[in-house]
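Written out below as C-alpha coordinates is the structure these notes cover.
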Amino acid sequence: DPILATFLDPLGRPVILTAGRWEHIVGGHPELSDLREAVLETVRHPSRHLREPRPVEDWYYRAGVGPSRWLKVVVTYAQGRGLIVTAFARRRTP
(Lines give C-alpha, C1' and ligand atoms only; values in the text may rest on other atoms or scores of the structure.)
Protein backbone atom coordinates (compact mmCIF):
# COMPACT_ATOMS: atom_id res chain seq x y z
CA ASP A 1 0.00 0.00 0.00
CA PRO A 2 1.66 3.30 -1.05
CA ILE A 3 2.45 5.75 1.74
CA LEU A 4 0.94 9.21 1.17
CA ALA A 5 2.45 10.93 4.21
CA THR A 6 4.99 10.31 6.96
CA PHE A 7 5.42 12.68 9.90
CA LEU A 8 5.85 12.80 13.69
CA ASP A 9 3.05 13.06 16.23
CA PRO A 10 3.35 15.47 19.20
CA LEU A 11 5.19 12.79 21.20
CA GLY A 12 7.81 12.30 18.46
CA ARG A 13 6.44 8.97 17.21
CA PRO A 14 6.39 8.38 13.44
CA VAL A 15 2.93 8.23 11.86
CA ILE A 16 1.96 7.28 8.31
CA LEU A 17 -1.10 7.66 6.11
CA THR A 18 -1.42 5.07 3.36
CA ALA A 19 -3.40 5.31 0.15
CA GLY A 20 -5.63 2.45 1.30
CA ARG A 21 -6.49 4.15 4.58
CA TRP A 22 -7.16 7.46 2.81
CA GLU A 23 -9.51 5.64 0.41
CA HIS A 24 -11.27 4.11 3.44
CA ILE A 25 -11.66 7.55 5.05
CA VAL A 26 -13.08 9.32 2.01
CA GLY A 27 -15.16 6.30 1.03
CA GLY A 28 -17.05 6.53 4.31
CA HIS A 29 -16.77 10.29 4.74
CA PRO A 30 -16.63 11.95 1.30
CA GLU A 31 -16.94 15.37 2.94
CA LEU A 32 -13.28 14.95 3.97
CA SER A 33 -11.97 14.37 0.44
CA ASP A 34 -10.45 17.88 0.21
CA LEU A 35 -9.20 17.85 3.81
CA ARG A 36 -6.25 15.43 3.75
CA GLU A 37 -3.85 18.10 5.03
CA ALA A 38 -6.31 18.95 7.84
CA VAL A 39 -6.36 15.28 8.85
CA LEU A 40 -2.55 15.26 9.04
CA GLU A 41 -2.49 18.56 10.97
CA THR A 42 -4.99 17.15 13.45
CA VAL A 43 -2.41 14.55 14.46
CA ARG A 44 0.55 16.95 14.26
CA HIS A 45 -1.11 19.73 16.26
CA PRO A 46 -4.25 18.46 17.99
CA SER A 47 -6.58 20.60 20.06
CA ARG A 48 -7.07 17.50 22.19
CA HIS A 49 -5.21 14.17 22.34
CA LEU A 50 -6.45 11.07 24.17
CA ARG A 51 -3.66 8.53 24.65
CA GLU A 52 -4.69 4.91 24.39
CA PRO A 53 -8.42 5.15 25.03
CA ARG A 54 -8.26 1.62 23.58
CA PRO A 55 -5.14 -0.58 23.57
CA VAL A 56 -2.52 0.79 21.11
CA GLU A 57 -4.92 3.44 19.77
CA ASP A 58 -4.77 7.23 20.21
CA TRP A 59 -7.50 9.71 19.33
CA TYR A 60 -6.65 13.18 18.03
CA TYR A 61 -9.13 16.04 17.79
CA ARG A 62 -8.92 19.45 16.19
CA ALA A 63 -11.50 22.18 16.66
CA GLY A 64 -12.84 24.32 13.84
CA VAL A 65 -11.57 22.13 11.01
CA GLY A 66 -13.77 20.41 8.48
CA PRO A 67 -17.49 20.15 8.08
CA SER A 68 -18.35 20.09 11.80
CA ARG A 69 -17.13 21.43 15.15
CA TRP A 70 -14.39 18.81 15.52
CA LEU A 71 -12.29 16.58 13.32
CA LYS A 72 -11.36 13.25 14.92
CA VAL A 73 -8.45 11.12 13.69
CA VAL A 74 -7.75 7.63 15.03
CA VAL A 75 -4.17 6.32 14.97
CA THR A 76 -3.08 2.80 15.89
CA TYR A 77 0.47 2.21 17.07
CA ALA A 78 2.46 -0.98 16.47
CA GLN A 79 6.07 -1.86 15.75
CA GLY A 80 7.29 1.62 16.63
CA ARG A 81 5.02 3.63 14.33
CA GLY A 82 1.49 4.91 14.01
CA LEU A 83 -0.99 4.37 11.21
CA ILE A 84 -3.94 6.67 10.60
CA VAL A 85 -6.86 4.24 10.40
CA THR A 86 -9.84 6.58 10.15
CA ALA A 87 -11.01 10.16 10.43
CA PHE A 88 -14.42 11.78 10.64
CA ALA A 89 -16.28 14.94 11.63
CA ARG A 90 -17.76 15.16 15.08
CA ARG A 91 -20.19 17.64 16.61
CA ARG A 92 -19.81 16.74 20.29
CA THR A 93 -16.92 18.02 22.34
CA PRO A 94 -14.48 15.18 23.03
Check residues 33-41 and write down every donor-acceptor pair under 3.5 Å in which the side-chain atom is one partner and the other belongs to a residue at least two apart or another chain.
unit_1	atom_1	unit_2	atom_2	d
Ser33	OG	Pro30	O	3.1
Glu37	OE2	Arg44	NH1	2.8
Glu41	OE2	Arg44	NH1	2.5

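- Inter-residue side-chain proximity for Val43 and Asp58 is flagged as unmet; no heavy-atom pair is nearer than 4.5 Å.
- Hydrophobic clustering places Leu32 together with Phe7 (ILVMFWY residues linked when any side-chain heavy atoms are closer than 4.5 Å, directly or through intermediates).
- Take Trp70 and apply the side-chain hydrogen bond (donor to acceptor under 3.5 Å, both in side chains) test, not counting sequence neighbours, and it matches no residue.
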Distance-only check: which donor-acceptor pairs under 3.5 Å involve side-chain atoms of residues 15-27, not counting sequence neighbours?
unit_1	atom_1	unit_2	atom_2	d
Thr18	OG1	Asp1	OD2	3.0
Thr18	OG1	Arg21	N	3.2
Arg21	NE	Val85	O	3.1
Arg21	NH2	His24	NE2	3.4
Arg21	NH2	Val85	O	2.6

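- When every heavy atom of Leu50 is checked against every heavy atom of Pro53, the shortest pair comes out as O-CD, 3.4 Å.
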Side-chain donor-acceptor pairs under 3.5 Å in residues 72-82, sequence neighbours left out?
unit_1	atom_1	unit_2	atom_2	d
Tyr77	OH	Asp9	OD2	2.6
Tyr77	OH	Arg13	NH2	3.3
Tyr77	OH	Tyr60	OH	2.6

With a 3.5 Å cut-off and sequence neighbours excluded, list the donor-acceptor pairs that the side chains of residues 87-94 form with protein atoms.
unit_1	atom_1	unit_2	atom_2	d
Arg90	NE	Arg92	O	3.3

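- Residues Arg62 and Ser47 meet the side-chain proximity criterion, which asks for heavy atoms closer than 4.5 Å.
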